[in-house]
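Each remark here refers to the structure printed beneath this line.
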Amino acid sequence: MVDATQNDGDQHVYKIQKDGMMNLIKSIAAAATTHDNGQYPFYVLDLGAVERAMNKWELCLPQVKPFYAVKCNNEPTFLAALAKLGANFDCASRGEIEAVLHLGVRPERILYANPCKAAAHIQYAAAAGVNLTTFDSMVELEKVKKWHPKCKLLLRIKPPNDYKGSLRPLAKKFGALPDEVEPLLQYAAFSGLQVVGVSFHVGSIAEEPVIYRHAIAAARAVFDVAAELGMAPMQVLNIGGGFRAATQVFEEICDTVKSAITDYFPKEMAVTIIAEPGRYFAEKAFTLATSVIGIRARGERMEYWINDGIYGSFSPTMYNSSLVSVKAAFCKPPVNEPPAIRSSAVYGPSCDSLDEVTAASGEIMLPELQLHDLLVFTNMGAYSKSAGTNFNGFDTFSIPTYIAYTS
């Protein structure tokens with residue numbers, strides 16, 4: 001039914017057509033049911049989707065080097081695929097740096113993009129040769145001076161009006177304010193530290209392309225302040241993340257970014273432009289298959305329990321139901337009439353009453369399902385595996401991932 005070849009490790013890579021994903025999932029689920037009654041959810045990683053995302057990035061933003069944000073999804077095969085495609089990596093901790101180095105990625109392809117780092121993690125980065133990081137406070141400069149004085153620095157700034165243009169703004173926690181920029185640059189210079197550029201992040205899931213233009217303009221103002229202070233010319237602009245591949249907004253953002261770079265960072269400045277895409281690469285690459293483990297009918301409304309929930313792949317702080325689509329797959333296709341479509345709620349497996357997968361979107365319409373039927377969620381690669389827990393004894397970290405390549 002599907003052609004399976006060996007991956008670099010011991011996993012099969014299933015080569016299928018783009019429209020063959022559901023058939024592959026049903027075949028995997030059928031095989032699993034024979035030995036564990038289908039009690040475990042599983043992911044399918046599509047390496048073809050990863051490759052297409054990289055091709056699209058290189059077409060739309062050829063002048064911007066991607067540093068994939070490892071926090072979004074740290075599946076080893078996924079990281080290895082990105083490394084082979086030429087991606088660099090944005091790491092926020094010693095653990096993430098170790099995971100990337102373990103793949104054979106050289107340390108100069110890693111940005112330690114956490115403005116607030118524990119001393120032990122800074123020391124590890126220094127020993128590993130990771131020599132580029134971000135900061136936004138005096139205390140962070142003092143830590144870097146003490147434990148990694150040769151590290152090159154990017155000053156992370158708060159982008160203007162980011163709270164208006166992204167689904168999850170980040171500036172409440174990170175980013176220097178405009179009146180903090182000059183004192184930070186002066187203190188870095190006084191401390192003998194090398195600030196080589198500026199970083200910002202407009203927030204997760206950017207919805208208004210213009211916020212990138214405002215942030216790039218603000219970054220240019222910091223470059224000018226550094227020049228006025230007599231500092232060495234800055235060389236790097238990091239435009240952060242916020243990108244999604246699934247909508248037209250990405251193309252609009254790319255056009256805005258390219259226009260702003262032309263206006264504020266002309267070629268003669270010779271500035272290297274980088275970014276920290278996470279969701280952009282991960283979101284469409286992963287599909288999650290879950291099994292129906294419980295059913296209750298209340299009038300015309302159906303309620304289903306599945307073997308994954310908000311303490312697993314559907315973390316309420318990260319999961320956004322508007323970005324995900326759900327499809328039903330039947331273990332035994334209906335013989336006569338197709339099943340009725342009924343208003344439905346979907347719950348996770350834990351004993352927490354808040355564990356409702358459909359809570360964010362309200363009730364959804366689903367065909368009437370039976371035990372062990374599948375609910376398949378697409379666009380499930382972003383902040384799913386990486387944000388899960390083992391709450392109530394459900395081991396999110398052991399959810400298997402099967403590897404496919406769609407063409």
Side-chain angles (χ1 to χ4, degrees), residues 18 45-73 78-79 81-90 109 111 113 154 159 162 165-168 170 197-220 235-267 269-286 320 322-324 378-379 381-383 405-407:
K18 271 188 179 182
L45 162 60
D46 179 7
L47 298 178
V50 181
E51 189 175 280
R52 289 189 291 274
M54 181 61 78
N55 290 340
K56 184 176 181 181
W57 182 278
E58 292 175 344
L59 176 66
C60 295
L61 284 175
Q63 69 273 63
V64 180
K65 297 180 180 180
F67 281 67
Y68 169 71
V70 176
K71 63 180 179 289
C72 185
N73 192 312
F78 175 58
L79 297 180
L82 284 169
K84 289 181 179 179
L85 291 169
N88 305 292
F89 295 91
D90 153 14
R109 291 173 62 185
L111 165 63
L154 302 178
D162 70 320
S166 62
L167 190 62
R168 296 189 187 94
L170 302 177
V198 177
S199 172
F200 64 78
H201 198 305
V202 300
S204 182
I205 312 178
E207 298 175 318
E208 297 292 339
V210 71
I211 61 177
Y212 284 92
R213 183 173 186 85
H214 295 160
I216 290 171
R220 174 56 195 266
Q235 307 159 344
V236 180
L237 170 65
N238 177 7
I239 64 172
F243 309 96
R244 289 190 65 220
T247 66
Q248 184 180 346
V249 174
F250 177 69
E251 285 81 5
E252 295 172 358
I253 287 173
C254 292
D255 290 342
T256 299
V257 166
K258 287 186 288 189
S259 173
I261 289 172
T262 298
D263 291 343
Y264 295 105
F265 292 92
K267 288 183 178 180
M269 291 184 68
V271 172
T272 298
I273 314 295
I274 67 175
E276 302 170 2
R279 183 180 297 274
Y280 171 83
F281 283 110
E283 184 177 62
K284 296 180 71 174
F286 288 79
N320 191 306
S322 66
L323 310 181
V324 173
T378 60
N379 296 344
Y383 303 102
Y405 182 93
T406 62
S407 57

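Side chains are part of it too, since the values below use all heavy atoms of this structure and drop only hydrogens, waters and symmetry mates.
A heavy-atom distance below 4.5 Å is found between the side chains of Glu51 and Asn55. The closest side-chain heavy-atom distance from Leu111 to Asn238 is below 4.5 Å. Annotation: side chain of Arg109 is not in contact with side chain of Phe67 (no heavy-atom distance under 4.5 Å). Side-chain contact between Val236 and Lys65 is absent, with no heavy-atom pair separated by less than 4.5 Å. The shortest side-chain heavy-atom distance between Tyr280 and Pro66 does not fall under the 4.5 Å cut-off. Annotation: side chain of Lys18 is in contact with side chain of Thr406 (closest heavy-atom distance under 4.5 Å).
Looking at Trp57, its side chain never comes within 3.5 Å of a backbone N or O of Ala245 through a donor-acceptor pair. Here the side chain of Tyr68 pairs a donor or acceptor atom with the backbone of Asn73 at under 3.5 angstrom.
Annotation for Ala69 and Glu276: closest pair CB-O, 4.0 Å, computed over non-hydrogen atoms. When all heavy atoms of Tyr212 and Gly241 are compared, the pair lying nearest together is OH-O, 2.7 Å. Annotation for Ala275 and Phe243: closest pair CB-CE1, 4.2 Å, computed over non-hydrogen atoms. The two residues Leu154 and Ser199 make their nearest non-hydrogen contact at CB-CB, 4.1 Å.
Checking each of Glu252, Glu207, Glu283 against Arg244 for a salt bridge (Lys or Arg N to Asp or Glu O under 4.0 Å) leaves exactly one that passes, namely Glu283. Just one residue in the list Ile261, Val257, Asp263 forms a side-chain contact (heavy atoms from CB on, under 4.5 Å) with Ser259, and that residue is Asp263.
Atom CD1 of Ile239 and atom CD1 of Ile253 lie 9.5 Å apart (nearest 0.5 Å). Between the OH atom in Tyr264 and the CD1 atom in Ile216 there is a gap of 9.0 Å [rounded to 0.5 Å]. Note: Ile273 CD1 to Lys258 NZ = 13.5 Å, rounded to the nearest 0.5 Å. Atom CZ of residue Arg220 and atom CZ of residue Phe265 lie 6.5 Å apart, to the nearest 0.5 angstrom.
A salt bridge links Lys56 with Glu251; the closest basic N to acidic carboxylate O contact falls under 4.0 Å.
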*Yes or no on side chain to side chain contact (heavy atoms under 4.5 Å, CB included) for Asp46 and Arg52, after CA distance, side-chain angles and deciding distance?*
CA-CA 10 Å; Asp46 179 7; Arg52 289 189 291 274; 3.4 Å; yes

